[in-house]
Number of protein chains: 2
Amino acid sequence: MELKNQEDQYLSSVKNALRILKSFTMDEPEKKVSDISTSLGLNKSTVSRTMATLASEGFVHKDPETKKYSLGLSLLSLSSIVNSNTDVYRESYPVLNRLVENLGETAHISVIDKLEVIYLQKVECNHPVRFLTHVGRRNPPHCTSSGKVLLAYADEELVNAVLEQGLEKYTKNTITDPIKLLANLKEIKKNGYSTSFEELNEGVNSIAAPVYDYRGKVIAALSVVGPKQRIQSHKVQGFAKKIIAAAKEVSDRMGYRG
Amino acid sequence: MELKNQEDQYLSSVKNALRILKSFTMDEPEKKVSDISTSLGLNKSTVSRTMATLASEGFVHKDPETKKYSLGLSLLSLSSIVNSNTDVYRESYPVLNRLVENLGETAHISVIDKLEVIYLQKVECNHPVRFLTHVGRRNPPHCTSSGKVLLAYADEELVNAVLEQGLEKYTKNTITDPIKLLANLKEIKKNGYSTSFEELNEGVNSIAAPVYDYRGKVIAALSVVGPKQRIQSHKVQGFAKKIIAAAKEVSDRMGYRG
DNA sequence: ATACTTGTTGCATATAGAGCAACACGAGCG
DNA sequence: CGCTCGTGTTGCTCTATATGCAACAAGTAT
């Protein structure tokens with residue numbers, strides 16, 4: 001008998017519901033039944049009934065006036081549980097706090113999930129903020145300091161998968177040549193930290209260092225982000241030293257011995 | 001024909017999946033298939049297949065070593081979208097920042113959802129923190145300053161529903177007598193702010209004020225929380241004045257004219 | 001006023017999903 | 001070390017569910 005199709009073993013109506021949830025984005029946080037039906041290729045009665053079920057458990061909320069759906073507070077509740085169980089989340093918090101006070105810039109902890117960088121933890125500086133990042137946000141790995149440091153220490157197959165999905169150009173500084181990216185990753189591993197100079201957003205620079213677990217595996221990145229006026233090229237060495245030290249401290253608290 | 005059972009119109013396999021997700025708690029962030037099967041009354045093969053489907057979309061994660069499931073990062077991503085669409089979340093942020101700098105204590109924005117208080121926004125002070133609250137956390141409304149201020153301005157039917165679900169005692173200061181709570185709510189409405197003196201957690205005090213939307217409806221609470229050594233009874237008037245002013249400012253930014 | 005779009009819901013039908021049983025694997029115990 | 005028990009997976013069967021169609025209601029646009 002032929003090998004079973006992987007998709008055949010999943011519950012299709014549950015899949016529908018999850019795909020509907022994931023269709024909401026920052027750019028489109030409110031959606032109509034008909035829009036979802038069109039974009040996901042599902043019958044409008046299917047979408048309507050699935051939405052009613054999601055709403056009954058608080059996963060979406062229907063605006064009674066506009067009839068549009070948005071994501072519901074049950075997701076917020078569950079997300080607060082996601083992190084509570086993550087060692088790096090808890091152990092990094094005091095370290096990020098001190099780093100932010102020390103450097104005066106916003107700091108994050110992030111990991112790679114499904115070929116993207118996702119921010120688990122954020123401690124903000126006192127400067128007026130522009131919501132460039134936030135916990136839960138996903139970003140491409142090839143043009144963020146977090147992403148590049150995680151790729152530098154990652155398995156070759158993860159790196160290859162990222163290269164295969166393409167290196168999208170976000171600014172004039174984005175590295176889109178695979179050969180140049182691989183060279184950059186090698187340099188990052190040598191330096192022990194990575195940088196991104198306006199590679200994802202104009203005017204925004206960041207520096208990141210690897211966080212190790214007790215087995216010596218790189219499991220997260222600790223990064224600092226700010227405007228290029230405050231994170232200038234000539235300051236990078238001093239910032240990097242402190243960021244590496246902070247990442248080392250988080251690693252130590254994770255049971256790393258190196 | 002008899003009136004249709006409300007539950008009959010929901011998709012049962014989607015309901016199962018959502019109930020499984022909601023079964024995870026802070027106290028039990030990791031669960032086994034058999035535990036979920038027992039606690040939710042579902043067949044273990046049903047739970048197993050539902051979990052596999054949830055995992056395929058990143059809503060849960062299976063630890064390959066322990067075989068235990070925990071909530072996945074897709075929930076974190078989606079939760080970051082939940083708030084981006086909330087006016088009070090965006091408008092309150094700079095106000096909370098200034099208040100925290102001014103008072104030196106942690107501040108929140110919260111709302112009532114399904115008879116519970118849920119924290120939408122949190123700005124932390126520089127004191128060592130104990131993770132008493134976090135965004136997404138739910139708390140009972142009858143013994144938190146946020147909850148009490150929201151109840152004070154709420155419809156009678158919401159207040160009655162809260163009374164009907166019972167007033168659980170958390171500390172020796174928790175108000176468990178409905179008559180006393182209603183009297184307290186009346187006083188809160190008169191004063192324009194509420195307090196909680198160790199009513200939910202020992203040693204923790206908080207003060208909250210109502211946030212209005214453009215129609216003059218109370219849609220959120222702005223609160224400040226800290227240890228009783230720093231938020232003492234004799235300081236409440238001074239703190240309350242600043243908290244009311246901050247809540248007023250958020251209300252103004254929401255289009256409130258009052 | 002009419003036409004169109006959207007969302008809901010009754011109904012029919014096909015199949016998906018639930019549950020059973022068997023199996024594989026690992027843990028615990030004697 | 002062998003046996004027992006618990007856990008999780010998966011093949012299979014059967015029925016109840018979920019999907020889609022069509023009709024309808026309501027709102028919007030012309």
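Only this structure's heavy atoms are used, side chains among them; waters, hydrogens and symmetry mates stay out. Throughout, a chain's letter reflects where its sequence line sits, starting with A, and its residues are numbered from 1. Bear in mind that the values here come from a model prediction, so they are computed numbers and not experimental data.
Summarising the geometry, the separation between NZ on A/Lys31 and C1' on C/dT6 is reported as 16 Å, rounded to the nearest angstrom. What separates CD1 of A/Ile36 from C1' of D/dT19 is a distance of 17 Å, to the nearest Å. Look at CD on B/Gln9: it is 20 Å from P on D/dA16, rounded to the nearest Å. When rounded to the nearest whole Å, the span between CD1 of A/Ile20 and C1' of D/dT19 equals 13 Å.
Picking from C/dG7, C/dA18, D/dG8 the nucleotide with the shortest atom distance to the side chain of B/Val33 gives D/dG8.
Contacts classified as side chain to side chain donor-acceptor pair (under 3.5 Å) and involving residues 66-83 of chain B (residues at least two apart or in different chains) are given here: A/Ser79-B/Ser79, A/Arg138-B/Ser77.
In this structure, the helix from C/dA1-D/dT30 to C/dG30-D/dC1 shows an angle of 50° between the axis at its start and the axis at its end, each fitted on 5 base pairs and rounded to 10°.
Less than 4.0 Å separates DNA chain C from at least one heavy atom of each of the following residues of residues 47-73 of chain B: B/Arg49.
Across all their heavy atoms, B/Phe24 and B/Ile20 have their closest contact at CD1-O, 3.4 Å.
Residue-level contact check: A/Asn16 touches the backbone only, with heavy atoms under 4.0 Å from sugar-phosphate atoms and none from bases.
Using modelled atom types, one finds no donor on one side chain facing an acceptor on the other under 3.5 Å when comparing A/Ser145 with A/Ser223.
The base of D/dG20 is paired with the side chain of A/Ser45 by a donor and an acceptor separated by under 3.5 Å.
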